[in-house]
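What you are looking at is a predicted structure, and each value in this text was computed from that prediction instead of being measured. Labels below follow one simple rule: chain letters A, B, ... track the order of the sequence lines, proteins then strands, and each chain is numbered from 1.
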Amino acid sequence: MSIQAPRGFNDILPGEQYGWRDSYRWQRLEEIFREVARLYGYQELRPPMVEYVDLFVHGVGATTDIVTKEMFNITPRGDDPDARRMAMRPEFTAGLVRAYLENGMPNNPQPTKIFAYGPAFRYENVQKGRFRGFHQLDVEVFGAQDPAVDAEVIKLGLDVVARLGLTGLVVSVNSIGCPNCRPRYREALQNHFRPHLGELCEDCNTRFERNPLRLIDCKRDAGHPAQQSAPVTLDYLCDDCRTHWEGLLSHLEAMGIPYQIDTRIVRGLDYYTKTVFEVLHPKLGAQSALWGGGRYDGLIEVVGGKPTPGVGFGMGMERVLMVLEEEGLTAPFADRPRLDVFVVTLGEAARPVGLKLLYELRDAGISADIDYLGRSLKAQMKYAGKQNSRYVVILGEDEVQRGEASVKNMDEGTQESVPLDQIISHVRRAEV
RNA sequence: CUGACCGUAGCUCAGUUGGUUAGAGCGCCAGAUUGUGGCUCUGGAGGUCGCCGGUUCGACUCCGGUCGGUCAGCCCA
């Protein structure tokens, strides 16, 4: 085999042996997410996987790593004069905001509480927990500035992983202020770092002018005394942001959510205001963030709407599933769906009878399968066992002549003769 | 892009100081049991030892290059 999946992309496969790539685990995680989202009053919106690049430039931020070096660009037909640059989505928020505005959703009763999930793409270097094609569970609330919503969103994510049995999570929160208080903080940061520019990395020298907030979360300069002693956003919050911040903390406490304040969280996206948070798990190596998010009160206006507050998060499905695997938490995935009936036929005469029964079983909503390889009885039984079938219905010459079938309960090892027209009810009855 | 480690069967891996027919376990197929799965036993299929070149009488093994993978840095889901 010379052709492989593209670097940084994974196959999600049927079978427990594939660990976090087991497609059944993905189904369960998605089910749990939908269920929790429904519980909180969120509704699903499915945006396209591709958007015009401009949306991400404005909606994610022109200075962000995502836009400057990680965009997964699509090349449209070169002969189309109207072809605009497009890109695979690197995250969900921008596309959801676009869809919210484009479809007139601001005219609906507010707030608008949305969930979405699916693949996202970032063209970057691959390592543990970081891929070029990955999947997120995402929620967004548009049109509410109450810090109780920030807290709700954090709680929602925790509920999802709680249902998976995951513990040992660390919720880190911070506030990075708003356009009112940011300039003062920005200036303080620049004054603080200016004397040390020569000692900092080149990226930080670029950030100094374009995005000084990023100076404090640069890991290359981590440990540098200037970074350690850098001014903290929380000391520069305006009254509005301070009230919001204190409100968030009191809501978290009221909900009994343990948290830690991490003043180095600034988030890589330009649009965040006030609340930012990350939820970490130590078992993931260098990529310890299972999910992260925050408030973005300026974003919707930037994308073209009226000033509207927003808050949300994106959770990494791969990361969640990898942590579950490392923790040995397989219980949420224990009850795998199984085949109800495997139909075994012996000889030419039984074949059409078996096929007819197969179709009737499926029509009745009973999962059923049959051998298509002309295998021996023994091999068919073996195969039925491998498929983890509850029952095997055996149709041989004798049974067909009597209008009956031998029905074997594969778990009990018991077997009895059942008239053909009673097989469905027999299997159903036993199911209860 | 930089660095470290790693490429032998579908999977997980052995393979001695270089020595001729490259092995095991699991999985797959079949038989033992011409009408009965799981357990056991027996047999079978399946490999250009990532690729190219070099050293050598001889390379899975040593050297160089290359491709691929993993982890790490920047960043984050």
Distances under 3.5 Å only, N/O to N/O: pair up the protein atoms with those of nucleotides 26-29 of chain B.
| from | atom 1 | to | atom 2 | distance (Å) |
| --- | --- | --- | --- | --- |
| B:rC28 | OP1 | A:K386 | NZ | 3.4 |
| B:rC29 | OP1 | A:R375 | NH1 | 3.4 |

State whether a side-chain donor-acceptor pair under 3.5 Å links A:E416 with A:S406. no
Quick one: pull up CG in A:N73 and CE in A:M88 and give me the separation to the nearest 0.5 Å. 11.0 Å
Quantified in whole Å, what is the C1' atom distance between nucleotide B:rU48 and nucleotide B:rG44? 22 Å
Expressed as a whole number of Å, how far does the P atom of B:rA4 sit from that of B:rG10? 31 Å
Nearest 0.5 angstrom please: A:L358 CG to A:D371 CG, how far? 11.5 Å
Side chain of A:S376 only, heavy atoms from C-beta on: which candidate in B:rU36, B:rG31, B:rG35 is closest? B:rG31
Along RNA chain B (nearest heavy atom to each residue), the more 5'-positioned of A:A384 and A:R319: A:A384
Would you measure the distance from the C1' atom in B:rG7 across to the matching atom in B:rC52 and give it in whole Å? 16 Å
Gap between atom CZ of A:R28 and atom CD of A:E35 - 0.5 Å precision: 10.0 Å
When all nucleic acid strands are considered with a 4.0 Å heavy-atom cut-off, which category describes A:L137: base, sugar-phosphate, or nothing? nothing
How is A:E124 classified with respect to the nucleic acid when contacts are heavy atoms under 4.0 Å: base, sugar-phosphate, or nothing? base
Please check if the distance between the ring centroids of A:Y42 and A:F115 is under 6.0 Å. no
Nearest-Å distance once atom P is located in both B:rA45 and B:rA22: 14 Å
Side-chain donor/acceptor contact of A:Q127 with base of B:rA72 under 3.5 Å: yes
Contact class for A:Q17 vs. all strands (heavy atom < 4.0 Å): base, sugar-phosphate, or nothing? nothing
Which value, in whole Å, describes the distance between the C1' atoms of nucleotides B:rG15 and B:rU61? 9 Å
Assign each of A:K69 and A:P6 to its nearest nucleotide of RNA chain B by heavy atoms, then name whichever residue's nucleotide is nearer the 5' end. A:P6
What nucleotide, of B:rU36, B:rA77, B:rG35, holds the atom closest to the side chain of A:M381? B:rU36
Examine A:R375 relative to A:Y383 and say whether NZ or CZ is less than 6.0 Å from the centre of the six-membered ring and inside a 45° cone about the ring axis. yes
For RNA chain B, what dot-bracket results from Watson-Crick or G-U pairs at under 3.5 Å, with [ ] for crossers and | for inter-strand partners? (((((((..((((.....[...)))).(((((.......))))).....(((((..]....))))))))))))....
Ignoring hydrogens and angles, does a donor from either the side chain of A:D65 or the base of B:rC74 sit under 3.5 Å from an acceptor on the other? no
From CZ of A:F121 across to P of B:rC76 the rounded distance in Å is 21 Å
Kindly state whether the pair A:W291 / B:rA77 counts as stacked, where counting means centroids closer than 5.5 Å and planes tilted less than 30° apart. no
Is the closest side-chain heavy-atom distance between A:F121 and A:F131 below 4.5 Å? no
Length of the CG-C1' vector between A:D138 and B:rA77, whole Å: 10 Å
Polar atom pairs between nucleotides 9-13 of chain B and protein, under 3.5 Å, N or O only, would you list them?
none

At less than 3.5 Å, do the side-chain atoms of A:K378 and the base atoms of B:rG35 form a donor-acceptor pair? no
Taking the side chain of A:N125 as heavy atoms from C-beta outward, which of B:rG37, B:rG35, B:rC1 is closest to it? B:rC1
Is there a side-chain contact between A:R7 and the phosphate of B:rG68, meaning an N or O under 4.0 Å from OP1 or OP2? no
How about A:V139 and A:L156: do any of their side-chain heavy atoms sit closer than 4.5 Å? yes
Taking the six-membered ring for Trp and the full ring for Phe, Tyr or His, determine whether the centres of A:F92 and A:W291 are under 6.0 Å apart. no
Whole-Å distance between B:rC76 C1' and A:E70 CD? 7 Å
Between atom CD in A:Q4 and atom P in B:rG7, what is the gap in whole Å? 16 Å
Rounded to whole Å, the CZ-C1' distance (A:F342 to B:rU36) equals 13 Å
Rounded P spacing from B:rC60 to B:rU21 in Å: 10 Å
Can you find a donor-acceptor pair, distance only, under 3.5 Å between A:E278 side chain and B:rA77 base? no
Within this structure, what is the CZ-to-P distance between A:R132 and B:rA77, rounded to whole angstrom? 18 Å
Worked verdict on A:L395 versus A:L420 for side-chain contact (heavy atoms from CB on, under 4.5 Å): CA-CA 10 Å; A:L395 289 164; A:L420 278 180; 3.7 Å; yes
Please verify the inter-ring angle class for A:F142 with A:Y100; under 30° counts as parallel, over 60° as perpendicular, anything in between as tilted. tilted
Assess whether one donor atom and one acceptor atom, taken from the side chain of A:R130 and the base of B:rC75, lie less than 3.5 Å apart. yes
Need one value for A:F313: base, sugar-phosphate or nothing, where a base atom within 4.0 Å counts as base even if backbone is also close, heavy atoms only. nothing
Let's see if you can work this out: which of B:rA72, B:rC76, B:rU36 has an atom nearest to the side-chain heavy atoms of A:K128? B:rA72
Atom pair distance, as rounded to whole Å: CZ in A:F115 and P in B:rA77: 21 Å
Evaluate the ring planes of A:F277 and A:F313, with Trp represented by its six-membered ring, and classify them as parallel (under 30°), tilted (30 to 60°) or perpendicular (over 60°). perpendicular
Is a donor on one side and an acceptor on the other found under 3.5 Å between the side chain of A:R319 and the backbone of A:G129? yes
Run through A:L234, A:D262, A:V232 and flag the one making a side chain to side chain contact (heavy atoms under 4.5 Å, CB included) with A:N174. A:L234
Separation between the C1' atoms of B:rG47 and B:rU12, rounded to whole Å: 16 Å
Should the side chain of A:E399 and the base of B:rG35 be counted as holding a donor-acceptor pair, with the cut-off at 3.5 Å? yes
Write down the distance between CZ (A:R264) and P (B:rC74), rounded to a whole number of angstrom. 13 Å
Approximate separation, where rounding is to 0.5 Å, of A:F333 CZ and A:E325 CD: 10.0 Å
When the C1' atoms of B:rG25 and B:rG46 are compared, how many Å lie between them, rounded to an integer? 15 Å
